[in-house]
*Asks:* 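A single structure is presented below for examination.
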Amino acid sequence: MQAKFHRSRMREVDETDARTRIERAARALDASEAWLQRQPPSAIAAGVAGAARALRRDFDSPRSLLQGRLSRQSGLSPAMVTWAATTTLASMDEANLTALAEAHRSAHRTDDTRMPPPYPDRAGTGPCAVFLSGNVCTAAIRAIALPLLAGRTVLAKAASGQDVMAQAFRRALTAQDEALGGCVAVEVFGREDHPATQAMVSAASVISAYGDRDTLAVLSETKPAHVPLIPHGPGTGAIYLPQRSLSDHDARARLLERVALDVAAYDQRGCLSPHHVFVETGTVAPHALAEELSAALATLGTALPRGRADAQLQAQAMQWRGVAATCGELIEGQDHAVAIEATPRTGPGHRHVAIIPCSDRDAAIDRLRSWGDQLKTLGVPGERERDWFSQTLAPQQRPQPADPGQLQTPRCDALCDGRPPMAGL
Amino acid sequence: MMAGDQRALEPTRAALQTRIADLIARLSDGSRDDEARDVLLEEVLAWQAQAVPPYARLCQRHRSSSPASRVAACRVLEFPALPTDVFRFTRVASHLPSQDVRTFRTSGTTSGARGQHFVRDLSLYDQAARAAARYALFPDQRPMRIVAVMASGQTLPDSSLSYMVDRFFSWFGDGYGGHVWSAAGLDTEALVGHLDAACRDGAAVALLGTSFGLVHADDALGTHRERGRSFRLPQGSRVMQTGGFKGKSRELSPSSMQAMLCERYGVPTTHVVQEYGMTELCSQAYGSALRSALLGGEPQPSDGRRLSPCAQSGSHAQADAGEHSGERLWVPGWVRTTAVDAETLAPVPDGQPGLLRIDDLANLDTVCAIQTSDLARVTPDGLQLLGRAPGAAPRGCSLAVEEVLGHR
């Protein structure tokens with residue numbers, strides 16, 4: 001009882017500290033806001049791109065400290081961490097960032113009538129409160145960069161032990177330009193710390209939140225009514241492969257290498273990770289395709305090994321494999337599995353992917369429609385085919401279209417939840 | 001499976017059913033014969049590998065993928081265990097749908113699909129449930145005033161728990177008592193009425209409830225008619241707690257739950273009995289403290305293994321992963337429990353945590369060997385369930401993949 005009481009009091013102290021730190025950080029950010037808004041977009045873009053380049057140099061080093069820390073934090077293999085970090089940082093291209101920032105600042109609205117309505121304008125002054133999700137270890141880069149490019153200071157929240165990349169990016173920004181680094185604060189506290197959450201949303205002029213439904217619901221209930229919330233809710237990716245992309249053996253092998261990369265990236269932890277590959281039925285049998293995809297995953301696994309799995313994930317994988325073995329077909333590799341199933345079902349991630357045969361693209365899109373706006377990205381080979389899917393899916397369901405192999409490496413100006421990346425900022 | 005195929009398997013099934021029933025009858029006094037159990041399990045599993053289509057596929061795959069040199073520690077374990085999720089996606093049965101007499105379903109999950117247990121013949125289920133409950137929950141062998149804080153089988157015809165408790169009324173009840181939970185929820189006045197009547201009559205009560213039902217009852221009794229109500233139930237009264245909270249009530253740790261039940265109903269801690277069962281199984285495990293308190297001595301160990309409550313999608317019982325009541329559960333002699341490696345599904349060494357595999361002989365018409373997602377530890381002293389396998393990796397924005405598909 002004594003220990004419990006003691007723990008309880010310690011937690012109370014921690015909660016108070018987090019709230020105090022947030023309030024202090026918000027005041028500091030307020031002081032930086034006027035400076036940031038005076039900067040030309042190109043200057044902010046240059047600072048962000050410079051910080052990204054500096055971080056890339058760290059990851060390129062064989063003695064990268066960040067690689068080890070991110071690997072321990074995320075459970076991804078060191079090689080996968082390096083791949084994830086370098087591809088994410090490479091997307092922070094200065095020219096693209098400048099164009100994005102200038103377009104946002106000049107328009108501050110979207111003229112694209114196909115887009116859903118933009119979010120309400122932010123409320124008065126104050127930082128953009130960014131709630132980071134911990135499942136994708138590099139997600140902090142884009143989540144912090146976009147508000148900065150919009151001229152918003154950033155008050156970012158990371159979960160305990162999940163702040164490595166956010167802190168590294170903030171330090172890199174500071175090293176690049178101390179004033180720019182002063183426009184970002186990263187605070188660490190748990191989701192159950194309501195006073196800290198309250199302090200975050202109270203200080204914010206706009207909230208950008210990544211995470212599950214519970215997180216978004218809590219923020220929606222907690223935030224002041226006049227502060228807009230940009231929700232980046234949960235979701236998944238998918239891939240569609242038409243028969244014509246599979247007919248040539250060599251081309252198919254290259255395509256499946258790219259599909260394998262999409263599956264393996266981040267060990268399927270993110271909302272862009274594909275768990276299902278819809279395949280148009282035809283001359284290439286699903287079983288043969290599954291074997292080839294399994295081989296591609298095995299080859300990739302040597303260069304980008306899978307990370308560790310916790311007990312829950314292992315149990316989920318065991319159940320998923322059992323269902324596949326009894327209800328469909330299952331091809332198991334050393335550190336991956338490919339199933340062939342008639343109906344999509346939940347996958348555990350960790351490189352478990354299902355091939356869903358379908359008669360044609362209409363049949364595939366019928367299924368994808370029902371996934372609603374939770375379909376975050378759709379990989380389809382061939383620009384014309386991608387355009388068809390983009391135009392055929394309803395406006396409110398606008399997954400980021402991507403070529404297979406690029407589902408998890410979106411450009412900095414890629415759609416975010418069906419909207420322009422800086423909508424609402 | 002074709003009707004003709006089934007007819008060919010029928011004589012074997014009938015013979016196995018007789019032998020299983022005989023073994024359960026022989027072991028219903030708590031005695032053990034693990035060798036006889038394992039011999040029979042092997043035979044039943046071999047038969048199920050022919051008779052149950054999804055299990056046949058799993059066995060075929062297992063045979064083709066297992067190296068010839070791999071020899072299981074026990075021949076029963078050479079048969080693969082069917083993961084519980086399979087019950088959600090396909091029919092697991094040795095018989096035709098037209099022969100179903102009952103279908104038990106697991107509670108819903110976020111993905112919507114519910115596990116289904118198709119029952120052809122309830123006689124083994126009844127025999128196993130009655131024997132286990134007689135041994136561990138009603139060892140004093142006297143009719144009791146049963147009050148059920150859960151819906152009846154009439155209200156929830158697909159709940160195996162409701163079915164079992166309904167049967168308890170006829171097997172162990174004194175003809176009074178009843179259910180105090182309906183489709184509308186808890187009937188607090190009925191609960192108070194039954195308990196007051198039992199106190200007046202001096203009739204020992206068996207209060208049987210789901211965890212969330214008992215919490216709701218505690219909340220309601222705490223504010224009953226503004227003054228709140230507590231009871232000192234007649235001597236010999238007991239509370240059986242089963243099932244998780246399922247987000248339907250506030251959650252209590254096992255020790256808090258036990259303390260709450262003792263205080264509210266005036267029963268000793270030994271008389272709060274955990275029940276552990278699963279929709280996919282026909283047998284249940286129980287806490288052993290009540291029997292020890294009533295009859296003295298320790299119950300026979302379950303081949304050196306004991307269960308404590310845990311979390312499972314289709315399970316009746318649930319406990320927090322990090323905290324345990326410490327109560328040992330008695331496992332019937334016709335049930336085998338093994339902790340296995342989550343990746344290889346091979347038995348783990350003593351003392352190592354692994355996923356719990358349960359081989360239940362009473363599961364004649366589905367599959368005896370069931371692979372759960374519950375984490376367990378086996379030591380020479382027994383088996384400890386550690387709750388649902390804990391997750392460390394944050395799921396964040398990918399968490400709801402389950403929901404994406406579930407909300408189709």
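Sequence lines set the chain letters: A, B, ... in the order given, protein chains first and strands last, and positions in each chain run from 1.
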*Asks:* Does any heavy atom of chain B fall under 4.5 Å from the side chain of A:A325, the backbone, both, or neither of them?
*Replies:* both
*Asks:* Whether B:R61 and A:E332 form a salt bridge (side-chain N of Lys/Arg under 4.0 Å from carboxylate O of Asp/Glu) is what I want to check.
*Replies:* yes
*Asks:* What option among B:V92, B:L58, B:L82, B:D341 has the most heavy-atom pairs under 4.5 Å with chain A?
*Replies:* B:L58
*Asks:* To the nearest 0.5 Å, how far apart are CE in A:M318 and CG in B:L345?
*Replies:* 6.5 Å
*Asks:* For the backbone of A:Q314 and the side chain of B:E343, can you confirm whether one donor and one acceptor N or O come within less than 3.5 Å of each other?
*Replies:* no
*Asks:* Rounded to the nearest 0.5 Å, what separates atom CG in B:D85 from atom CD in A:Q316?
*Replies:* 9.0 Å
*Asks:* Nearest 0.5 angstrom please: B:F89 CZ to A:E341 CD, how far?
*Replies:* 8.0 Å
*Asks:* Give the member of B:A81, B:P54, B:P83 that has the highest number of heavy-atom pairs under 4.5 Å with chain A.
*Replies:* B:P83
*Asks:* Do you know which of A:T215, A:L216, A:L132, A:V323 has the most heavy-atom pairs with chain B at a distance under 4.5 angstrom?
*Replies:* A:V323
